[in-house]
Trainee: 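One structure, pasted below without further comment.
Residue numbers count from 1 along this sequence. When reading the values below, keep in mind they use all heavy atoms of this one structure, side chains included, and skip hydrogens, waters and symmetry mates.
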Amino acid sequence: MEPQVEAHEVGLDPGRLGRIDAYLRRYVDDGLLPGWQLAISRGGRIAHASSYGLRHREDSVPVGDDSLFRIYSMTKPIVSVAAMMLYEHGAFQLSDPVGDIIPSFADLSVYSGGSDLRPSTVPAAEPMRMVHLLTHTSGLTYGFVRQHPVDALYRSHGLDGSGGLDLAALCDRLAGLPLLFEPGSRWAYSMASDVLGRVVEVLSGQSVESFLASRIFEPLGMTETRFGIEESAVTRLARLYSLTQSGLEPADHLAETVDRPAYPGGGGGLISSARDYHRFTQMLLRGGELDGQRLLGPRIVDFMTRNHLPGGVDLQTYGPPVYSESTMRGVGFGLGFSVDLDAAAAGRPGSPGTYGWGGMAGTRFWVDPAEELTALFFTQAFTGRPLPVREGLRQLVYQAIV
């Protein structure tokens, strides 16, 4: 990616932007990340683009503009946009029970005690609604969280990716397991976006893979974003690494497959490029339109990127104890995006209403409508010990605005 405008023309100081690259280079030089790619835009034009390090450490192949990345949960905002495109056609209301669309979700139970081998449950008093899927307040969870007996149930029922199920079968199996909590009563990061992908399929009559390709990727010119990867492009895919006590080690065996997944869903699985995802962020920044292609109306984008947690609380307040981390203070959740509420509480600069999300392998993005700014950071590493890249990157981007 090349800059499209001189940084000073859009209120960014070139010397201060250089601090960002110097900061990020240290993570590679210290052996904490394999490599990275960065793009910062303001007013819809890229003002700073850089990369450093290697996408294949073993072969000394550098990260470059042709690099492809597993974006994991950065799939979720895309699928949320797909669902809200159907919402704009009147296909559902946010208050609609999910069971009206996927019948297996009509009769749900909630965990009330016991172990994963002998759980106790009670019938859900509240139906799971569409708004719960979009805000991760559904009561669903993930098997990899490993904090609760319900997480273990997910793993034992093949909901950790080992079950070989298609999306319809996965959702039906998911509906048969107890929820962590009553729908709408708490926030927990979960497989709700996979269920949302199935909703897209049922309401559109297309596979989620086909819907994303024809209704989002093609109109936006996101030519390299898909589930799986073409054989000719495998060498462009950044290898995945894991940061261990002894340093970075290859972790492709832990990765989402480079082949088409068994169930192209809503929670992850897409492979993309920085260029492609930049186009997605510009569509959002412009209120749902890019290069004459309108996916959403501007009022709907504004609606999606407001905090939808009850009472306007933040994630730390509304999440289960396992999620009560300092990084969730001052941050709410909209319809598919985290939403900044209070920079002082969050401990990092930014405008109220800034929204974004990230992926398990280190990719992340944010959009700041007040500053007309977007930022993309792509890397490929599982880091068991927290690295302060997110907070450091945020403070260094905002110090460059003059």
Trainee: Any side-chain heavy atom of V81 within less than 4.5 Å of one from M84?
Mentor: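 Counting from C-beta outward, V81 and M84 never come under 4.5 Å.
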Trainee: Looking only at atom types and distance, does a side-chain atom of S214 sit under 3.5 Å from a main-chain N or O of S210, one as donor and one as acceptor?
Mentor: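 Between the backbone of S210 and the side chain of S214 there is a qualifying donor-acceptor contact (under 3.5 Å).
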Trainee: Please list all pairs passing the side chain to side chain donor-acceptor pair (under 3.5 Å) test where one or both residues lie in residues 92-114, with sequence neighbours left out.
Mentor: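 Sorted pair list: S104-D172.
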Trainee: With F333, which residues qualify under ring pair (Phe, Tyr, Trp, His ring centres under 6.0 Å), at least two apart?
Mentor: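 F333 satisfies ring pair (Phe, Tyr, Trp, His ring centres under 6.0 Å) with H136, W187, W357 once adjacent residues are dropped.
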Trainee: If we ignore hydrogens and angles and just use 3.5 Å, is the side chain of Q399 paired with the main-chain N or O of R16 as donor and acceptor?
Mentor: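 Yes; at least one donor-acceptor contact below 3.5 Å.
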Trainee: Restricting to ring pair (Phe, Tyr, Trp, His ring centres under 6.0 Å), what partner residues turn up for Y277, sequence neighbours left out?
Mentor: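 Expected list: F280, F365.
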Trainee: Quick one: pull up OG1 in T225 and CG in L212 and give me the separation to the nearest 0.5 Å.
Mentor: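 One finds 10.0 Å between OG1 of T225 and CG of L212.
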Trainee: Does a side chain donor of either S73 or Y189 reach within less than 3.5 Å of an acceptor in the other side chain?
Mentor: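 Their side chains do contain a donor-acceptor pair, which is all the 3.5 Å distance test asks for.
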Trainee: How about S51 and F378: do any of their side-chain heavy atoms sit closer than 4.5 Å?
Mentor: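 Contact flag for S51/F378 side chains = no.
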Trainee: Test your reading of the model: is there a side-chain donor-acceptor pair from D276 to the backbone of S273, 3.5 Å cut-off?
Mentor: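 Answer holds: no.
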Trainee: Is a side-chain donor or acceptor of Q37 paired with a backbone partner of A274 at a separation under 3.5 angstrom?
Mentor: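 Between the backbone of A274 and the side chain of Q37 there is no qualifying donor-acceptor contact (under 3.5 Å).
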Trainee: Taking side chain as C-beta onward, heavy atoms only, is H132 less than 4.5 Å from V98?
Mentor: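 No, every pair of side-chain atoms sits at 4.5 Å or beyond.
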Trainee: What's the shortest heavy-atom distance between L240 and A361, and which atoms?
Mentor: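 Shortest heavy-atom separation between L240 and A361 comes out as CD1-CB, 3.5 Å.
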Trainee: Please list all pairs meeting salt bridge (Lys or Arg N to Asp or Glu O under 4.0 Å) that have one or both residues in residues 368-382, counting only residues at least two apart or in different chains.
Mentor: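 Applying salt bridge (Lys or Arg N to Asp or Glu O under 4.0 Å) to every pair that reaches into residues 368-382, excluding sequence neighbours, yields R42-E371.
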Trainee: Could you please spell out the steps behind the salt bridge (charged side-chain N to carboxylate O under 4.0 Å, His left out) verdict for R275 and E224?
Mentor: CA-CA 9 Å; R275 174 210 170 268; E224 296 183 317; over 6 Å; no
Trainee: List the residues meeting salt bridge (Lys or Arg N to Asp or Glu O under 4.0 Å) with R129, not counting sequence neighbours, and say none if there are none.
Mentor: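 With sequence neighbours excluded, R129 shows a salt bridge (Lys or Arg N to Asp or Glu O under 4.0 Å) to E126, given in chain and number order.
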Trainee: If only atom types and distance count, is the side chain of R173 paired as donor or acceptor with the main-chain N or O of H157 below 3.5 Å?
Mentor: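 Looks like yes, one N/O pair under 3.5 Å.
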Trainee: Tell me, please, which residues at least two apart from E2 pass salt bridge (Lys or Arg N to Asp or Glu O under 4.0 Å).
Mentor: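 Partners of E2 by the salt bridge (Lys or Arg N to Asp or Glu O under 4.0 Å) criterion come out as none, since no residue qualifies.
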Trainee: Taking the side chain as every heavy atom from C-beta outward, state whether L54 and V61 have any atom pair closer than 4.5 Å.
Mentor: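 No, too far: nothing below the 4.5 Å cut-off.
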Trainee: Just do the side chain to side chain contact (heavy atoms under 4.5 Å, CB included) check on I40 and I46 with the steps written out, would you?
Mentor: CA-CA 6 Å; I40 300 167; I46 299 172; over 6 Å; no
Trainee: Please answer whether the main-chain N or O of L24 pairs with a side-chain N or O of W36 as donor and acceptor at a distance below 3.5 Å.
Mentor: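 Yes, W36 side chain to L24 backbone: donor-acceptor pair under 3.5 Å.
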Trainee: Under the criterion ring pair (Phe, Tyr, Trp, His ring centres under 6.0 Å), I'd like the reasoning laid out for Y142 against Y154: C-alpha separation, chi angles, the key distance, then a yes or no.
Mentor: CA-CA 7 Å; Y142 264 122; Y154 277 40; 8.1 Å; no
Trainee: If you compare all heavy atoms of V79 against all heavy atoms of G265, which two are closest, and at what distance to 0.1 Å?
Mentor: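 Taking every non-hydrogen atom into account, CG2-O, 4.1 Å.
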Trainee: Return each pair, listed once, that meets side chain to side chain donor-acceptor pair (under 3.5 Å) where at least one residue sits in residues 282-291; pairs must be two or more places apart or across chains.
Mentor: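 Counting only pairs at least two positions apart or across chains, the side chain to side chain donor-acceptor pair (under 3.5 Å) contacts touching residues 282-291 are S41-Q282, H278-Q282, R279-D291, Q282-T374, R286-E289.
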Trainee: Provide the closest heavy-atom pair for S338 versus V331 in the form atom of the first, atom of the second, distance.
Mentor: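 Heavy atoms of S338 and V331 come nearest at CB-CG1, 3.9 Å.
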Trainee: Would you list the pairs meeting side chain to side chain donor-acceptor pair (under 3.5 Å) in which at least one residue belongs to residues 296-312, sequence neighbours left out?
Mentor: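 Residue pairs with at least one partner in residues 296-312: D302-R306.
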Trainee: Examine distances only and state if a side-chain atom of K76 and a backbone atom of S193 form a donor-acceptor pair shorter than 3.5 Å.
Mentor: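 Looks like no, no N/O pair under 3.5 Å.
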Trainee: Could you grab the distance from atom CG of D151 to atom NE2 of H148, nearest 0.5 Å is fine?
Mentor: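 Going from CG on D151 over to NE2 on H148, the span is 7.0 Å.
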Trainee: Assess the pair F382 and Y241: is the distance between their ring centroids shorter than 6.0 Å?
Mentor: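 No.
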Trainee: Do P352 and L341 have side-chain heavy atoms sitting under 4.5 Å apart?
Mentor: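 No, too far: nothing below the 4.5 Å cut-off.
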Trainee: Any salt bridge linking D59 with R239? Criterion: basic side-chain nitrogen under 4.0 Å from a carboxylate oxygen.
Mentor: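 A salt bridge is present here (some side-chain N lies under 4.0 Å from a carboxylate O).
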Trainee: Tell me if a side-chain donor or acceptor on R155 pairs with a main-chain N or O of G143 at a distance below 3.5 Å.
Mentor: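 Confirmed, R155 side chain pairs with G143 backbone.
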Trainee: With distance as the sole criterion, is a donor-acceptor pair present between the side chains of R348 and Q395 under 3.5 Å?
Mentor: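 Q395 and R348 do not have a side-chain donor-acceptor pair below 3.5 Å.
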Trainee: Looking at residues at least two apart in the chain, or sitting in another chain, which of them share a salt bridge (Lys or Arg N to Asp or Glu O under 4.0 Å) with E182?
Mentor: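 Partners of E182 under the salt bridge (Lys or Arg N to Asp or Glu O under 4.0 Å) test: none.
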Trainee: So which atom in A381 and which in L33 form the shortest heavy-atom distance, rounded to 0.1 Å?
Mentor: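 Result for this residue pair: CB-CD2, 4.0 Å.
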Trainee: Please examine the side chains of F227 and L270, heavy atoms only from C-beta on, and report whether any two atoms are closer than 4.5 Å.
Mentor: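 L270 vs F227: side chains touch.
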Trainee: My understanding is that only residues two or more places apart in sequence, or in another chain, count here; which of them pass salt bridge (Lys or Arg N to Asp or Glu O under 4.0 Å) with D314?
Mentor: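 Testing D314 for salt bridge (Lys or Arg N to Asp or Glu O under 4.0 Å), a comparison that skips the adjacent residues, returns none.
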Trainee: Are side-chain heavy atoms of L86 and V200 found at a separation under 4.5 Å?
Mentor: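 In contact.
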Trainee: Any side-chain heavy atom of L179 sitting closer than 4.5 Å to one from M128?
Mentor: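 They are in contact (side-chain heavy atoms under 4.5 Å apart), so the answer is yes.
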Trainee: What verdict does the side chain to side chain contact (heavy atoms under 4.5 Å, CB included) test give for Y318 and L315, after you've listed the backbone C-alpha separation in whole Å, the side-chain angles of each residue and the deciding distance to 0.1 Å?
Mentor: CA-CA 5 Å; Y318 210 62; L315 289 171; 5.9 Å; no
Trainee: Output the distance between atom CD1 (I271) and atom CZ (R236), rounded to the nearest 0.5 Å.
Mentor: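 CZ of R236 is found 11.0 Å from CD1 of I271.
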Trainee: Inspect the surroundings of CD in Q245 and state if more than 12 heavy atoms from other residues, nucleotides or ligands are less than 6.0 Å away.
Mentor: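 No, because the 6.0 Å sphere around CD of Q245 holds 12 heavy atoms or fewer from other groups.
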Trainee: Verify side chain to side chain contact (heavy atoms under 4.5 Å, CB included) between W366 and L373, making sure each step is shown before the conclusion.
Mentor: CA-CA 8 Å; W366 77 84; L373 180 141; 3.5 Å; yes
Trainee: Taking all non-hydrogen atoms of both residues into account, name the closest pair between M191 and L140 and its distance.
Mentor: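 For M191 and L140, the tightest heavy-atom pair comes out as C-CD1, 4.3 Å.
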Trainee: Would L393 and I20 count as a side chain to side chain contact (heavy atoms under 4.5 Å, CB included) here? Give the steps.
Mentor: CA-CA 7 Å; L393 181 59; I20 305 172; 3.7 Å; yes
Trainee: Quick one: does S67's side chain have a donor or acceptor within less than 3.5 Å of a partner on V63's backbone?
Mentor: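 Answer holds: no.
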Trainee: To the closest 0.5 Å, what do you measure between CE (M283) and CE (M222)?
Mentor: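 With rounding to 0.5 Å, CE (M283) is 8.0 Å from CE (M222).
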Trainee: Test: side chain to side chain donor-acceptor pair (under 3.5 Å). Region: residues 115-125. Which pairs qualify, not counting sequence neighbours?
Mentor: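 Counting only pairs at least two positions apart or across chains, no side chain to side chain donor-acceptor pair (under 3.5 Å) contact touches residues 115-125.
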Trainee: How about E230: does its CD atom have over 12 heavy atoms from other parts shown lying under 6.0 Å from it?
Mentor: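 Not more than 12 within 6.0 Å, no.
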Trainee: Could you check whether any side-chain N or O of D30 sits under 3.5 Å from a backbone N or O of L32, counting only pairs where one atom can act as donor and the other as acceptor?
Mentor: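 No; zero donor-acceptor contacts below 3.5 Å.
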Trainee: Are D340 and R394 within salt-bridge range, i.e. N to O under 4.0 Å?
Mentor: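 Judged by the 4.0 Å cut-off on N to carboxylate O distance, D340 and R394 do form a salt bridge.
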Trainee: Minimum heavy-atom separation for F211 to A82, with atom names?
Mentor: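 For F211 and A82, the tightest heavy-atom pair comes out as CE2-CB, 3.5 Å.
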Trainee: Name all residues meeting the side chain to side chain contact (heavy atoms under 4.5 Å, CB included) criterion together with S246; count only those two or more places apart in sequence or in a different chain, and write none if there are none.
Mentor: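 Scan of S246 (side chain to side chain contact (heavy atoms under 4.5 Å, CB included), adjacent residues dropped) gives T244, E249.
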Trainee: Would you call R226-E209 a salt bridge at under 4.0 Å N-O?
Mentor: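 A salt bridge is absent here (no side-chain N lies under 4.0 Å from a carboxylate O).
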